[in-house]
Amino acid sequence: MSGPASIRSDVQQIVEQIATLPPGRASRDEQQALFDRLIAIGPEAAPTLVALMDDRRPLPWPAISLESLAPDAFEGIRHYGPKQVVDALAAVLNQITGEHFGFIYNGATEAERTASVAAWREHFRMSASTSR
């Protein structure tokens with residue numbers, strides 16, 4: 001099993017790969033595969049994703065597909081159109097934690113993005129302080 005430092009490094013590298021895919025040339029499948037790698041890391045990726053999520057770089061391909069995990073889901077796959085890295089990371093965090101702090105998965109205003117990032121950070125700050 002990977003330790004926290006290794007997980008942190010892996011998550012940072014994957015997020016950087018996503019953000020630096022060449023616009024227009026990056027395939028949707030390549031970007032989706034990187035999101036799938038983040039999701040596969042699981043909840044252990046969440047603290048690093050929260051730390052990195054205020055990333056306003058444009059997403060090379062405005063798309064992410066996530067397996068619907070809700071028992072009452074009416075579709076097997078959820079599709080979103082995130083515009084910036086922050087939008088996509090919020091969707092990934094929702095997928096791996098089940099938490100939701102503002103629906104920015106299809107893009108959002110700057111105020112909505114700022115509020116979502118702040119809420120995720122507060123949630124993890126509170127989680128860390130109660131687990132001590």
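Predicted model only: the values in this text are computed from it and were never measured.
- Annotation: side-chain hydrogen bond (donor to acceptor under 3.5 Å, both in side chains) contacts of R78 (sequence neighbours excluded): Y80, N94, Q95.
- Nearest heavy atom pair, residue A91 against residue L66, reads O-CD1, 3.7 Å.
- One distance of note links CD of E44 with CD1 of I96; it measures 8.5 Å at 0.5 Å rounding.
- With sequence neighbours left out, R121 forms a side-chain hydrogen bond (donor to acceptor under 3.5 Å, both in side chains) with no residue at all.
- Minimum heavy-atom separation, P82 to A88: CB-N, 3.6 Å.
- For E99, the salt bridge (charged side-chain N to carboxylate O under 4.0 Å, His left out) criterion is met by no residue, not counting sequence neighbours.
- With sequence neighbours excluded, the residues that form a ring pair (Phe, Tyr, Trp, His ring centres under 6.0 Å) with H123 are F101.
- One distance of note links CD1 of I14 with CD1 of I41; it measures 4.0 Å at 0.5 Å rounding.
- Within the 4.5 Å cutoff, the side chain of V92 has heavy atoms near those of the I64 side chain.
- No option in I18, T48, L93 other than I18 meets the side-chain contact (heavy atoms from CB on, under 4.5 Å) test with L38.
- Remark: F124 engages no residue in a ring pair (Phe, Tyr, Trp, His ring centres under 6.0 Å) (not counting sequence neighbours).
- Here F35 pairs with nothing under the ring pair (Phe, Tyr, Trp, His ring centres under 6.0 Å) rule; sequence neighbours left out.
- Residues that satisfy the side-chain hydrogen bond (donor to acceptor under 3.5 Å, both in side chains) test with E112, not counting sequence neighbours, are T109.
- Summarising the geometry of N106 relative to G81, their closest heavy-atom pair is OD1-N, 2.6 Å, with the distance given to 0.1 Å.
- Not counting sequence neighbours, the partners of R113 by the salt bridge (charged side-chain N to carboxylate O under 4.0 Å, His left out) test are D87, E110.
- Partners of A63 by side-chain contact (heavy atoms from CB on, under 4.5 Å), not counting sequence neighbours, listed by chain and number: R28, W61.
- In summary, of the residues considered (H100, H79, K83), a side chain to side chain donor-acceptor pair (under 3.5 Å) with Y105 occurs for H100 alone.
- In this structure, D54 pairs ionically with R56, as a charged nitrogen and a carboxylate oxygen lie closer than 4.0 Å.
- Every side-chain contact (heavy atoms from CB on, under 4.5 Å) that R57 has, sequence neighbours left out, goes to E16, A19, T20, D55, V85.
- Q32 is linked by a side-chain hydrogen bond (donor to acceptor under 3.5 Å, both in side chains) to D36, counting only residues two or more places apart in sequence or in another chain.
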